[in-house]
Amino acid sequence: MDAEVRNTSVLQRQAQWLQDYRPGLRVSEKGRVLSVGDGIAWIDGLPTAAMDELLELEDGSRALVFHLKSERLGAILLYQTESLTAGTPVALTGRRLELPVGDALLGRVVDPLGTPLDGQAPPRCDRWRPLDATAPPIVDRTFVDRPLYTGSKIVDTMIPIGKGQRQLLIGDNGLGKSALAIDTVINQRGKNVKCVYVLVGQKRSTVVNTIDALRTHGALEHTALVVAEATALPGLKYLAPFAGCAVAESWMHFGDDTLVVYDDITTHAQTYRELSLLLQRPPGREAYPGDIFYLHARLLERATCLAPAAGGGSMTALPIVETKQGEIASYIPTNLISITDGQVYLDKALFDAGSLPAIDVTRSVSRIGGIAQHPRIKQEAGRTKLDYLQFLELEVFTRFGTRLEPAMEKRIRRGRALREALKQDRLAPLPIEFQMAWLTAFNEGLLEEADPNRISEKLQALADGLARQPLTLEDERADWAVAVKSWLHAAGA
């Protein structure tokens, strides 16, 4: 009976549609492809096309309006079939590019359009968000005053990062920028921070290694990966950071704390330069188009900490940029340094000397600083950076065999102990409680008298003691000092 009623209803609606139908004139625009190559298509026609409008090509390809001229338009290809040739008809869609967002993306690997790359079914997302959106206005923002712990001794103590901050990771290729970013993502496990890791133009082996590292350390459960491989269309590599930002932004507006890593912005800038030159845009410094600064500023300005009235979420951004021969004064690095709230600089000389992570404290800075540090950590680490910088200056005199005063020898010995204590293995982020433990031991003078080769043993004793007798940052400083001394004494370190 129910099926009969449904069939009757369908017939009635169809009859009503036929009764109300009136023939009329419908006007639609049709364009055609003039030429295609290198990830772009020149299209004739479509006089009402708008920038960033999606185009549907008759062969099944998709493109995005990227450049408008009086006689034709240039589009970047998002999907290209083998049958795409000159003369293919093109139609306007009237839509902007959107991406599915939501918790269904956690643990998934997708391309900038939301298409799964992990061999699983498409994620069932209940929301869509445009890739390009305006940054939150000032009235919707609040101060960055909550710490985001990276698990790195150097960063969490001397270059602190706050939730909502934009901290640049900068250095030559192969010095551990990506490793530091992966450590930070791993360290967010259990801290209610949802992460997005964007891989732009990376080799497939690098993508696989990144996924394996996150899976091995249980970080995929709170991480979504947006990937545009080196073999992807230039349009996808250009859109990848904006797609990752949109995913993190959707969580931020729902009140969640998020972290987004852009690995790396150098490749993104080179892709944008390639597309711009192919589309005959006038080149500027180092052949980059004149709006490259605006492009990255528009992306990174979306990272912020929202006021409670606007949702209360936050998005922390860690853009990665590559330098050549340590030159930070080149165009893209200087642009990003001026946009971000600080930088973590990795130095090749430190890397070659075995000081890992190879973070150069002298050229690294956080413009948020102690505002985002826990008061206990801020108190213990207050003079650490200054002591370390003074030690680096004093150590120069020891290379000339200069006779030093006892007080200066003590400061150099203390600095060498600090340098050994700051060394850390890759993929081994440390909890903030351990940072408190070793800082307390250092400030109590329990590390500087030891042989530098035994500093690692003392640190291991602290980690073992902390596992047996958990303390928190809310405990009194005196309790920490007593506990640290007892742990080292019990281990004979």
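- Residue-environment remark: CZ (Phe293) exceeds the threshold of 12 foreign heavy atoms within 6.0 Å.
- Within 6.0 Å of CZ in Arg204 there are 12 or fewer heavy atoms belonging to other residues, nucleotides or ligands.
- When each of Ile161, Thr184, Asp156 is paired with Tyr149, the side chain to side chain contact (heavy atoms under 4.5 Å, CB included) condition holds for Asp156 and for no other.
- Looking only at distances, a side-chain donor or acceptor of Thr323 sits under 3.5 Å from a matching main-chain atom of Asp172.
- Under the 4.0 Å criterion applied to side-chain N and carboxylate O atoms, Asp132 and Arg298 are assigned as salt-bridge partners.
- For the pair Ile337/Ile170, a side-chain contact is recorded, criterion being any heavy-atom separation below 4.5 Å from C-beta on.
- No more than 12 heavy-atom neighbours from other residues, nucleotides or ligands sit within 6.0 angstrom of NZ on Lys324.
- No side-chain N or O of Thr150 forms a donor-acceptor pair with one of Asn187 less than 3.5 Å apart.
- No more than 12 heavy atoms of other residues, nucleotides or ligands shown are found within 6.0 angstrom of CG on Asn192.
- The pair Glu58-Lys30 fails the salt-bridge criterion, with no side-chain N (NZ, NE, NH1 or NH2) lying under 4.0 Å from an Asp/Glu carboxylate O.
- Counted within 6.0 Å of CG on Asp425, heavy atoms from surrounding residues, nucleotides or ligands total 12 or fewer; the atom is thus considered open.
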When you look at Thr258 and Asp256, which way does the side chain to side chain donor-acceptor pair (under 3.5 Å) test go after all the steps? CA-CA 6 Å; Thr258 66; Asp256 294 323; over 6 Å; no
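- Ion pair Arg72/Asp44 not flagged as a salt bridge, since none of the NZ, NE, NH1 or NH2 atoms sits closer than 4.0 Å to an Asp/Glu carboxylate oxygen.
- Not one N or O on the side chain of Gln165 forms a donor-acceptor pair closer than 3.5 Å with the backbone of Thr316.
- In terms of heavy atoms, Ala49 sits closest to Val65 at CB-CG2, 4.4 Å.
- Checked by atom type and distance alone, the side chain of Lys177 never pairs as donor or acceptor with a backbone atom of Glu322 at under 3.5 Å.
- Of all non-hydrogen atoms in Pro130 and Ala246, the two that sit nearest each other are O-CB, 3.7 Å.
- Across all non-hydrogen atoms, the minimal contact from Val198 to Val260 is CG2-CG2, 4.2 Å.
- The minimum heavy-atom distance between Thr340 and Pro319, with the atom names listed, is CG2-CG, 4.0 Å.
- Remark: the Thr81 side chain and the Asp59 side chain contain an N/O donor-acceptor pair separated by less than 3.5 Å.
- In the model, Glu327 has no side-chain atom that pairs as donor or acceptor with a side-chain atom of Gln325 under 3.5 Å.
- Contact annotation: the side chain of Ser152 approaches that of Ile359 to within less than 4.5 Å [non-hydrogen atoms, C-beta and beyond].
- For the pair Thr115 (side chain) and Asp111 (backbone), a donor-acceptor distance under 3.5 Å is absent.
- Inter-residue side-chain proximity for His268 and Lys237 is flagged as unmet; no heavy-atom pair is nearer than 4.5 Å.
- Counted within 6.0 Å of NZ on Lys385, heavy atoms from surrounding residues, nucleotides or ligands total more than 12; the atom is thus considered enclosed.
- Contact between Ala181 and Val261 at its shortest, heavy atoms only, is CB-CG1, 3.7 Å.
- Cation-pi geometry between Arg281 and Phe66 is met: the NZ or CZ atom falls under 6.0 Å from the ring centre, inside 45° of the normal.
- The pair Arg166-Glu301 meets the salt-bridge criterion, with a side-chain N (NZ, NE, NH1 or NH2) lying under 4.0 Å from an Asp/Glu carboxylate O.
- In this structure the side chain of Phe434 reaches within 4.5 angstrom of the side chain of Lys153, judged on heavy atoms.
- Looking at Leu225 and Leu214, their side chains come closer than 4.5 Å, going by heavy atoms from C-beta outward.
- For the pair Tyr345 and Ile159, the minimum side-chain heavy-atom distance is 4.5 Å or more.
- In terms of heavy atoms, Lys163 sits closest to Cys305 at O-CB, 3.8 Å.
- Heavy atoms of other residues, nucleotides or ligands lying less than 6.0 angstrom from NZ of Lys348 number 12 at most.
- Side-chain contact check for Val200 versus Thr266: every heavy-atom pair is 4.5 Å or farther apart.
- A donor atom on one side chain and an acceptor atom on the other are not found under 3.5 Å apart for Ser178 and Gln202.
- Counting heavy-atom neighbours within 6.0 Å of Arg32 CZ, excluding the residue itself, gives a total of 12 or less.
- Looking only at atom types and distance, the side chain of Glu286 has no donor-acceptor partner in the side chain of Ser330 under 3.5 Å away.
- One finds a salt bridge joining Lys194 and Asp103 here, because a Lys/Arg side-chain nitrogen approaches an Asp/Glu carboxylate oxygen to under 4.0 Å.
- You'll find the side chain of Phe242 stays beyond 4.5 Å of the side chain of Leu97, heavy atoms only.
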